**Q** 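What follows is a structure written as C-alpha cells; I'll ask about it next.
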Amino acid sequence: MRLKRTHKCGELNKSHSGQSVVVSGWVNNWRDHGGLFFIDLRDRYGKVQIVFSPEDENLYQVAKKLRTEYVVAVAGKVSPRPAEALNKELATGEIEVLAEEIEILNPSKTTPFEIKDYIDVSEDVRLKYRYLDLRRPRLQQTMLLRHQIAQATREFFNGEGFVEIETPILTKSTPEGARDFLVPSRLQGGKFYALPQSPQTYKQILMVAGFDRYYQIVKCFRDEDLRKDRQPEFTQIDVEMSFVDEEDVLGTMEKFMKQLFQKVLGIELVTPFPRMTYQEAMDRFGSDKPDTRFGLELNEIGDIFKSTDFKVFKNVLAENGYIGALVVPEAAGYSRKQIDDLTAWTRSVGGSGLAHLKFANGALEGGISKFLSENESRELIGRLQLSGEALILVVADPRRELAQTILGFLRNKLAETLQLIDAGKHQLHWTVDFPLLEYSEEEKRYVARHHPFTSPKLEDMHLLDSAPEQVRARAYDLIYNGNEISGGSIRIHRRDLQEQVFRSLKIGAEEAEAKFGFLLEALEFGAPPHGGIAFGFDRLVMLLAGTNSIRDVITFPKTASAVGLMEQTPSRVDEKQLRELYINVIKE
RNA sequence: GGGAUCGUAGUUCAGUUGGUUAGAACGCCGGCCUGUCACGCCGGAGGUCGCGAGUUCGAGUCUCGUCGGUCCCGCCA
C-alpha cells in the first residue's frame, strides 16, 4: 500500500476545497464519458466522486480499467464542482476529487449482486455472500445502530451502578426449559457441557456473592426451531438486582427504555408503562403479548347461549368451554371465499373451526345466524354493541385459553390485512401476574411457565398444592407493539421455598440436588432477596431498526433450518475428533 | 413433527391450453461519447428451467419423490 488514507470518502465537503487528500474505498460505480472518467468511491462513511481527465494519459488509462468493487486508493485535490454539475442527492455533492495518482489495492470479480440498497436479492444469495451484503449501506447502518444501542445500554447500566460481569459459556445442562446445545468433554469422556440458555443461575449466584447490581450483554443458545425473530444463538441484555421488589426492577427498566428510545429514535416515552395482568391480556386480546396499537378486542359471549339449541355452542358450554367473538366492521364486505380462507387459516393455526355471521340493516344474517333464537340474537347485538355493518367471527372451544389464543391470532392477522395498525405508535406495557405453572400434557406434570426459580406470589402460596394452576408468579414481561422484548421475575431466595416449588414441578429431591444442588446450597449461605430481567437484544435492535427479521440485525445469521450458508455450518468432523470425544455417530 | 409457499441467465422476474430456436430488465464483455452521477447510444456473450423419476408423440408447464429458501402452528423455562 503506497497511498495512505488521509480522509474518509463521506466526510469531504466544500471546506476541504484545495486540499490534497488520499481517499480509499470501493468503486461503487463508474461512468466512462470518452474524454472524462468518473468513479464514485465508497467507504462506510459515504461516497465521493473522483474525476480522471485525459490530461495525465497514464493515469487515465489505468482509471479506465476500473470496475465496480475494485479496492483503490486515490490521491488528488478536492475541488468545488462546476455549478451545473452539483449533486444535491449526495452529501459530498458540492465537491469532487481531481485524481492525481491511483493505486489499485485489489481488483474484484463481478459480484453476484450489486452492492446497492435498491438491488433486490433473495435471502439465500445474500447469506451465502454475507460479506457483500454487509458491505451495502443498509446493513452497515443497521450494524452501526446495533453498536449504538449496545453502547447506550452500557452507558445506562454503568450510570445506575450496575457491574458488567462475564459468566461461563461452557455450563451445565438443566432439565427445564429449552433444548440445550451440548458440548462433549474430552477430558471427562462421556460427559457434556451445555451452552447457556441464559446465565440465569450464575447471575443469581452473583447476587449471593454480593454484587448487588449485575448486567451483561451476553450470547445465549437454545436448540429449538427458528422463526423470523428467533435464532439458535442470540444476545440478551441480562440484568439482576438485590434487595428489590417488582417496583424497583420495573422502574429501572422503564428508565432504561425511556433513555434508549430518546437517544435512538428521539421519542419521549411516558412512564410508568401501563400494566396488564395475564388474565386481562388473555380475556381482552387473546395473547400474553398483545399489540395494543389497535382495538378489535375479544368479546366473551358464552353466557348468552346458556340454554341454546345450537349444538356446537351447547356442547362447548357443557364442557365449561369458551365462546368469544371479534367484531370487524372493516371486513363487513368480506366474500364467502375470503371467509372460507380465514376459516382454513384458523384451522392451520390449531383452531377447531371458525363461525361467522354478519350484521347489516340492524339484524344478524348469514353464517350461523339461523341457529340463534330471537332472544340470543337480541342479546348478542346488545353485547357486541352492533351498529352499522360488521363481520362477526366466533370461536368456540372447550379449551378456554386455546380459543382465546386463536381469536388473538385472528385479531393480529386481521389487523395486518385490514391495515388497522398505526405504524407511528410506540406502545409499551407490562404483562404481569403470570401463572407460575402450567400443566404439560406431554410430560404429565406441571412445568414452570417462566423458569423454576421464579417466586410465587406470597398470597397465592396456600394454593401451591391444592390448585397449582391458580398460583400467580412474581413475573413480568415487557411488551412493545405486540413483541415480547423482555421478561423476568423476582426469584426465590430461600432453600425451603425453592424445594417446595421443585416438588410442585415433580422434580425429586435427588434430581434437584444433582441438577441444582449448587444453587440450593448457595441459597443457604445468606442469599439476599433478588430479582431481574433479560432483554432480547436482537429483537430490540430489530424493532428500533424498523426491520422485520432478526436476521437483518445479526451479523452472520442462520437460515430457518439453522444452517450457515456462507461457511456451511454445521459440518461433519473427522473420525479422529469424534474418537477423542468418545462419540459414535449413528449412521442413518 | 405438521402446514403453506417459492425455486427459469450473475441478479430480479415473465413464460399462454403441454407444442418452433425459453424471453425482459439490470449486471457482465466490446465499441463510441469531456460534466455524468442508478449517465447515454450501438453491438455481444450468457440457461443442468434446483435435482431424480413418471405420464405423454412432446414437459419450464402435469404427477410423485427429493433438496434448498421463506412464513406459520407445535416447540421456544
Side-chain angles (χ1 to χ4, degrees), chain A residues 28-41 47-55 60 67-69 81-90 92-93 96 109-129 132 174-180 196-198 200-201 220-232 234 341 344-351 402 405-406 409 412-413 434 436-438 440-443 446-454 473 475 484 487-489 501 505 507 534 536 548-549 551 558-561 563 565:
Chain A
N28 191 66
N29 216 356
W30 54 275
R31 294 176 291 279
D32 186 351
H33 280 254
L36 273 181
F37 192 88
F38 300 97
I39 64 171
D40 299 325
L41 197 64
K47 291 186 293 189
V48 68
Q49 175 165 276
I50 318 273
V51 189
F52 297 90
S53 87
E55 285 159 33
Y60 187 67
R67 291 298 178 263
T68 49
E69 299 314 310
R81 292 192 184 194
E84 69 278 11
L86 299 176
N87 185 349
K88 290 197 193 78
E89 306 297 312
L90 204 60
T92 62
E96 58 198 359
K109 293 207 299 184
T110 301
T111 50
F113 54 90
E114 294 176 67
I115 312 305
K116 287 160 188 162
D117 281 339
Y118 60 85
I119 296 290
D120 204 17
V121 191
S122 64
E123 199 166 358
D124 49 340
V125 177
R126 291 172 51 203
L127 288 175
K128 180 172 179 193
Y129 298 98
L132 296 180
T174 53
E176 302 286 299
R179 196 175 288 113
D180 284 322
Q197 297 174 28
S198 82
Q200 183 60 36
T201 48
C220 303
F221 307 86
R222 293 176 191 176
D223 189 5
E224 297 292 347
D225 287 2
L226 290 79
R227 285 281 198 286
K228 68 176 172 174
D229 63 349
R230 274 167 30 191
Q231 284 271 307
F234 61 100
D341 287 349
W345 180 83
T346 304
R347 291 217 172 85
S348 80
V349 296
L402 176 77
T405 301
I406 298 296
F409 283 156
N412 283 335
K413 185 181 172 64
F434 283 88
L436 181 72
L437 310 167
E438 63 186 340
S440 165
E441 283 296 340
E442 194 180 328
E443 299 184 47
Y446 283 95
V447 295
R449 201 183 165 95
H450 185 52
H451 57 56
F453 318 112
T454 299
E484 178 194 333
S489 63
V501 169
L505 295 170
I507 298 175
N548 187 36
S549 162
R551 294 187 298 274
K558 305 286 190 282
T559 66
S561 47
V563 167
L565 288 181

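Atom set for the values below is all heavy atoms of this structure, side chains included, hydrogens, waters and symmetry mates excluded. These numbers were taken from a predicted model, which means no experiment stands behind them. All chains are named by letter (A, B, ...) in the order of the sequence lines, taking the proteins before the strands, and each is independently numbered beginning at 1.
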**Q** Compare the minimum distances between each of G69(B), C76(B), U11(B) and the side chain of Glu224(A), then state the nucleotide with the smallest one.
**A**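 The nucleotide sitting nearest to the side chain is C76(B).
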**Q** Considering every strand and a 4.0 Å limit on heavy-atom distances, what is the contact class for Asp32(A): base, sugar-phosphate, or nothing?
**A** base
**Q** Would you mind classifying the nucleic acid contact of Phe409(A) as base, sugar-phosphate or nothing, using non-hydrogen atoms under 4.0 angstrom?
**A** sugar-phosphate
**Q** Sequence neighbours excluded, which residues qualify as ring-ring contact (aromatic ring centres under 6.0 Å, His included) partners of Tyr129(A)?
**A**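 For Tyr129(A) there are no ring-ring contact (aromatic ring centres under 6.0 Å, His included) partners, ignoring immediate neighbours.
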**Q** For His33(A) and C39(B), do the ring centres fall under 5.5 Å apart while the planes stay under 30° apart?
**A**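 Yes.
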**Q** Under 4.0 Å between a side-chain N or O of Arg227(A) and OP1 or OP2 of C73(B)?
**A**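 Yes.
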**Q** Heavy atoms under 4.0 Å, any strand shown: does Arg347(A) hit a base, just sugar-phosphate, or nothing?
**A** nothing
**Q** Contact class for Thr174(A) vs. all strands (heavy atom < 4.0 Å): base, sugar-phosphate, or nothing?
**A**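 No contact at all - Thr174(A) keeps every heavy atom at 4.0 Å or more from the nucleic acid.
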**Q** So what does Leu437(A) hit on the nucleic acid, given a heavy-atom distance under 4.0 Å: a base, only sugar-phosphate, or nothing?
**A**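 Nothing, no nucleic acid heavy atom in range.
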**Q** Could you measure between the two P atoms, the one in G10(B) and the one in C72(B), and give it in whole Å?
**A** 31 Å
**Q** Counting any heavy atom closer than 4.0 Å, what does Glu96(A) reach on the DNA or RNA strands: base, sugar-phosphate only, or nothing?
**A** base
**Q** Should Ser122(A) be listed as having a side-chain N or O under 4.0 Å from OP1 or OP2 of U12(B)?
**A** yes
**Q** Which is true for Arg551(A) with a 4.0 Å heavy-atom rule: it touches a base, it touches only sugar-phosphate, or it touches nothing?
**A** sugar-phosphate
**Q** Just checking Lys228(A): base, sugar-phosphate only, or nothing, at a heavy-atom cut-off of under 4.0 Å?
**A** sugar-phosphate
**Q** Does Pro82(A) reach a base, just sugar-phosphate, or nothing at all? Heavy atoms under 4.0 Å.
**A**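 Pro82(A): base contact, heavy atoms under 4.0 Å.
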**Q** Taking any heavy-atom pair under 4.0 Å as a contact, classify Asp120(A): base, sugar-phosphate, or nothing.
**A** sugar-phosphate
**Q** Both distances below 3.5 Å, Watson-Crick or wobble geometry, any strand: find the nucleotide opposite U55(B).
**A** none
**Q** Nearest whole angstrom, please: distance from the P of C28(B) to the CG of Asn29(A).
**A**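 These atoms are roughly 8 Å apart.
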**Q** Within the structure shown, what part of the strands sits under 4.0 Å from Thr68(A) by heavy-atom distance: base, sugar-phosphate, or nothing?
**A**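 Touches sugar-phosphate only.
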**Q** Could you tell me whether Glu114(A) and Lys116(A) have a side-chain N and a carboxylate O separated by less than 4.0 Å?
**A**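 Yes, this pair counts.
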**Q** Have a look at Ala560(A) and say if it touches a base, only the backbone sugar-phosphate, or nothing, with a 4.0 Å heavy-atom cut-off.
**A** sugar-phosphate
**Q** For Arg67(A), which contact category applies under a 4.0 Å heavy-atom criterion: base, sugar-phosphate, or nothing?
**A**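 Arg67(A): backbone/sugar contact only, no base atoms under 4.0 Å.
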**Q** Can you tell which of G35(B), C76(B), U70(B) lies closest to the side chain of Leu127(A)?
**A** U70(B)
**Q** Which label fits His33(A) and Phe38(A): parallel for a plane angle under 30°, tilted from 30 to 60°, or perpendicular past 60°?
**A**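 Perpendicular, since the angle between the ring planes exceeds 60°.
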**Q** Give a yes/no on whether any side-chain N or O of Arg31(A) is located under 4.0 angstrom from OP1 or OP2 of U36(B).
**A** no
**Q** Select one nucleotide: of G35(B), U11(B), G69(B), the one nearest the side-chain heavy atoms of Leu36(A).
**A** G35(B)
**Q** Across the strands shown, which category fits Gln49(A) at heavy-atom distances under 4.0 angstrom: base, sugar-phosphate, nothing?
**A**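 Base: the residue Gln49(A), judged by heavy atoms under 4.0 Å, touches a nucleobase.
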**Q** By nearest atom, which of the nucleotides G27(B), U12(B), C72(B) is closest to the Thr110(A) side chain?
**A** G27(B)
**Q** Identify whether a stacking contact exists between Phe38(A) and U36(B), where the ring centres must be under 5.5 Å apart and the planes under 30° apart.
**A** yes
**Q** From C-beta outward on Arg222(A), which listed nucleotide comes closest to its side chain: G69(B), C76(B), G27(B)?
**A** C76(B)
